[in-house]
Peer 1: 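Quick one: the structure is below, questions incoming.
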Amino acid sequence: MAEDNSPYKAVATKCRRSRTKFTEEQLKILINAFNKKPYPGYAAKQRLALEVNTEESRIQIWFQNRRARHRFLKRPEKNLDLRQDRVYPEENIQGMRDRRCRTSYTSSQLQTLMNAFMENPYPGIDSREQLAEDIGVPESRVQIWFQNRRSRLRIQKKREPEEASAQRQNQGQDL
DNA sequence: GGACTAACGTAATCACAGC
DNA sequence: GCTGTGATTACGTTAGTCC
């Protein structure tokens, strides 16, 4: 955390979703499901959400954190290459293929999102929920949209100087 | 205060529609 | 095929809660 413009600092001043407190019964169901299948598909996550009476996005976060903890506990001390975990067993890949249907936004929904993004690229939970209500999509989709938008903007900004210098080189060749 | 863990960030990648 | 973009992942950080 050396840089002042750290996103985490920005987040600290904004409103996070209040922390979910799972009951013992809910945890029993989640752990049981995790032990059977650490990479549930969208349908399985929805079923679990219904069963433990929470949102599907909370189930997704819970599985993400659970897998991270699992990897950490399983990690051999000398093995620092955690990326090898990206090689998934076949049954896990099947779960990953069962994705949520792609959300398609209308131009007016996109306009609303873009306006909000220009005003604040890191909206807190309150703003995200308000936006979600305004455009009629779940808050979790708004969160993903902002993540993707920030990511693509960073990539675009990184590319701009490279493209400009390539253009200058081309112009030099043309002369 | 430290441990645990939900929430949330980035980066990389997959998946698929539209051209 | 390529591009744009929504969805999902690993991994890292922040912060609330409990002891």
Side-chain angles (χ1 to χ4, degrees), chain A residues 1-24 26-28 30-31 34 37-46 48-49 52-75 79-107 109-114 117 120-129 131-132 135-159 163:
Chain A
M1 268 325 89
E3 286 183 79
D4 279 342
N5 59 355
S6 156
Y8 302 111
K9 195 169 181 178
V11 165
T13 62
K14 294 185 175 72
C15 183
R16 277 186 172 213
R17 177 193 304 274
S18 57
R19 196 181 163 95
T20 304
K21 176 84 181 109
F22 290 111
T23 64
E24 269 186 46
Q26 286 174 316
L27 281 175
K28 213 156 86 179
L30 290 170
I31 291 168
F34 180 86
K37 206 171 189 183
Y39 294 87
Y42 177 59
K45 277 184 278 192
Q46 269 203 316
L48 266 173
V52 305
N53 192 28
T54 188
E55 295 161 39
E56 182 269 332
S57 60
R58 296 310 90 205
I59 301 292
Q60 181 154 358
I61 293 290
W62 187 88
F63 271 81
Q64 275 174 17
N65 285 325
R66 187 80 188 176
R67 285 195 298 265
R69 198 156 56 247
H70 218 243
R71 276 190 300 275
F72 179 78
L73 293 173
K74 272 177 64 184
R75 177 171 48 156
N79 180 13
L80 299 173
D81 184 13
L82 298 172
R83 284 169 194 271
Q84 66 181 8
D85 287 342
R86 278 179 175 259
V87 180
Y88 305 112
E90 185 56 29
E91 73 263 26
N92 292 340
I93 290 170
Q94 277 172 6
M96 290 165 71
R97 280 178 191 148
D98 170 25
R99 291 180 163 216
R100 170 196 287 271
C101 285
R102 191 185 168 98
T103 306
S104 61
Y105 296 103
T106 64
S107 54
Q109 284 174 320
L110 283 173
Q111 192 56 55
T112 306
L113 288 166
M114 285 299 290
F117 184 84
N120 178 13
Y122 293 92
I125 181 67
D126 289 344
S127 310
R128 291 201 306 269
E129 280 183 337
L131 260 174
I135 65 173
V137 301
E139 178 274 330
S140 61
R141 298 309 88 202
V142 173
Q143 186 164 24
I144 293 296
W145 187 90
F146 272 79
Q147 278 176 10
N148 282 325
R149 190 79 209 164
R150 288 194 297 266
S151 174
R152 266 115 212 189
L153 198 66
R154 274 191 299 274
I155 292 168
Q156 194 187 329
K157 281 190 174 168
K158 223 192 266 181
R159 268 192 202 153
E163 283 171 357

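Throughout, a chain's letter reflects where its sequence line sits, starting with A, and its residues are numbered from 1.
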Peer 1: Any side-chain heavy-atom pair from A:L30 and A:I59 closer than 4.5 angstrom?
Peer 2: yes
Peer 1: With a 4.0 Å cutoff (strictly under), does any side-chain N or O of A:S151 reach OP1 or OP2 of B:dA12?
Peer 2: no
Peer 1: Heavy atom of residues 53-61 of chain A under 4.0 Å from DNA chain B: which residues?
Peer 2: A:R58, A:I61
Peer 1: Check whether any side-chain heavy atom of A:D98 sits under 4.5 Å from a side-chain heavy atom of A:Y39, and report yes or no.
Peer 2: no
Peer 1: Send over the distance from A:K21 NZ to C:dG16 P, rounded to a whole Å.
Peer 2: 16 Å
Peer 1: Can you give the donor-acceptor pairs under 3.5 Å from side chains of residues 137-147 of chain A to other protein atoms, not counting sequence neighbours?
Peer 2:
from: A:E139; atom 1: OE1; to: A:R17; atom 2: NH2; distance (Å): 2.5
from: A:E139; atom 1: OE2; to: A:R128; atom 2: NE; distance (Å): 2.5
from: A:E139; atom 1: OE2; to: A:R128; atom 2: NH2; distance (Å): 3.1

Peer 1: On the nucleotide B:dT10, are OP1 or OP2 found under 4.0 Å from the side-chain N or O atoms that A:Y122 carries?
Peer 2: yes
Peer 1: When the distance from CD of A:Q26 to C1' of B:dA6 is rounded to whole Å, what number comes out?
Peer 2: 13 Å
Peer 1: Kindly say if A:R99 contacts the phosphate of C:dG6, meaning a side-chain N or O under 4.0 Å from OP1 or OP2.
Peer 2: no
Peer 1: Hey, does the side chain of A:R66 come within less than 4.0 Å of B:dA6's phosphate (OP1/OP2), counting only N and O?
Peer 2: no
Peer 1: Give one of base, sugar-phosphate or nothing for A:Q143, where a contact means two heavy atoms less than 4.0 Å apart.
Peer 2: sugar-phosphate
Peer 1: Using atom CZ of A:R128 as one end and atom C1' of B:dG9 as the other, report the distance to the nearest whole Å.
Peer 2: 11 Å
Peer 1: Round to a whole Å and report the spacing from OH of A:Y42 to P of C:dA7.
Peer 2: 9 Å
Peer 1: Measure CZ/A:R69 against C1'/C:dA10 and give the value in whole Å, please.
Peer 2: 15 Å
Peer 1: Counting heavy atoms from C-beta on, name the nucleotide in C:dT8, B:dT10, C:dA10 closest to the side chain of A:Y39.
Peer 2: C:dA10
Peer 1: Quick one: list whatever passes side-chain contact (heavy atoms from CB on, under 4.5 Å) with A:S107, sequence neighbours left out.
Peer 2: none
Peer 1: Roughly how many Å is it from CZ in A:F22 to C1' in B:dA6, rounded to a whole number?
Peer 2: 8 Å
Peer 1: NA contact type, A:R17, heavy-atom cut-off 4.0 Å: base, sugar-phosphate, or nothing?
Peer 2: sugar-phosphate
Peer 1: Grab the CD-P distance between A:Q147 and C:dG12 for me, whole Å please.
Peer 2: 17 Å
Peer 1: Enumerate the salt bridge (Lys or Arg N to Asp or Glu O under 4.0 Å) contacts for residues 56-65 of chain A, please, sequence neighbours excluded, ordered by first and then second residue.
Peer 2: A:E56-A:R100
Peer 1: Indicate, with a heavy-atom threshold strictly under 4.0 Å, whether A:T20 touches base, sugar-phosphate, or nothing.
Peer 2: sugar-phosphate
Peer 1: Taking the side chain as every heavy atom from C-beta outward, state whether A:Q60 and A:E55 have any pair of such atoms under 4.5 Å apart.
Peer 2: no
Peer 1: Kindly indicate whether the side chain of A:R16 and the base of B:dA7 share any N or O donor-acceptor pair separated by less than 3.5 Å?
Peer 2: yes
Peer 1: So does A:W62 get a side-chain nitrogen or oxygen closer than 4.0 Å to the phosphate oxygens (OP1/OP2) of B:dA6?
Peer 2: yes
Peer 1: What distance do A:T54 atom OG1 and A:I61 atom CD1 have between them, rounded to the nearest 0.5 Å?
Peer 2: 11.0 Å
Peer 1: Atom pairs, N/O to N/O, protein against nucleotides 2-5 of chain C, distance under 3.5 Å?
Peer 2:
from: C:dT5; atom 1: O4'; to: A:R102; atom 2: NH2; distance (Å): 3.4
from: C:dT5; atom 1: O2; to: A:R102; atom 2: NH1; distance (Å): 3.0
from: C:dT5; atom 1: O2; to: A:R102; atom 2: NH2; distance (Å): 2.9

Peer 1: Nearest heavy-atom pair of A:W62 and A:I31: which atoms, and what distance?
Peer 2: CH2-N, 3.7 Å
Peer 1: Tell me every residue that passes side-chain contact (heavy atoms from CB on, under 4.5 Å) with A:A68, counting only those two or more places apart in sequence or in another chain.
Peer 2: A:R71
Peer 1: So what does A:S104 hit on the nucleic acid, given a heavy-atom distance under 4.0 Å: a base, only sugar-phosphate, or nothing?
Peer 2: nothing
Peer 1: What is the distance, rounded to the nearest whole Å, between atom NZ of A:K37 and atom C1' of C:dT8?
Peer 2: 15 Å
Peer 1: By nearest atom, which of the nucleotides C:dT8, B:dA6, C:dA10 is closest to the A:R100 side chain?
Peer 2: C:dT8
Peer 1: Atom CD in A:Q156, atom CZ in A:R149: separation rounded to 0.5 Å?
Peer 2: 7.5 Å
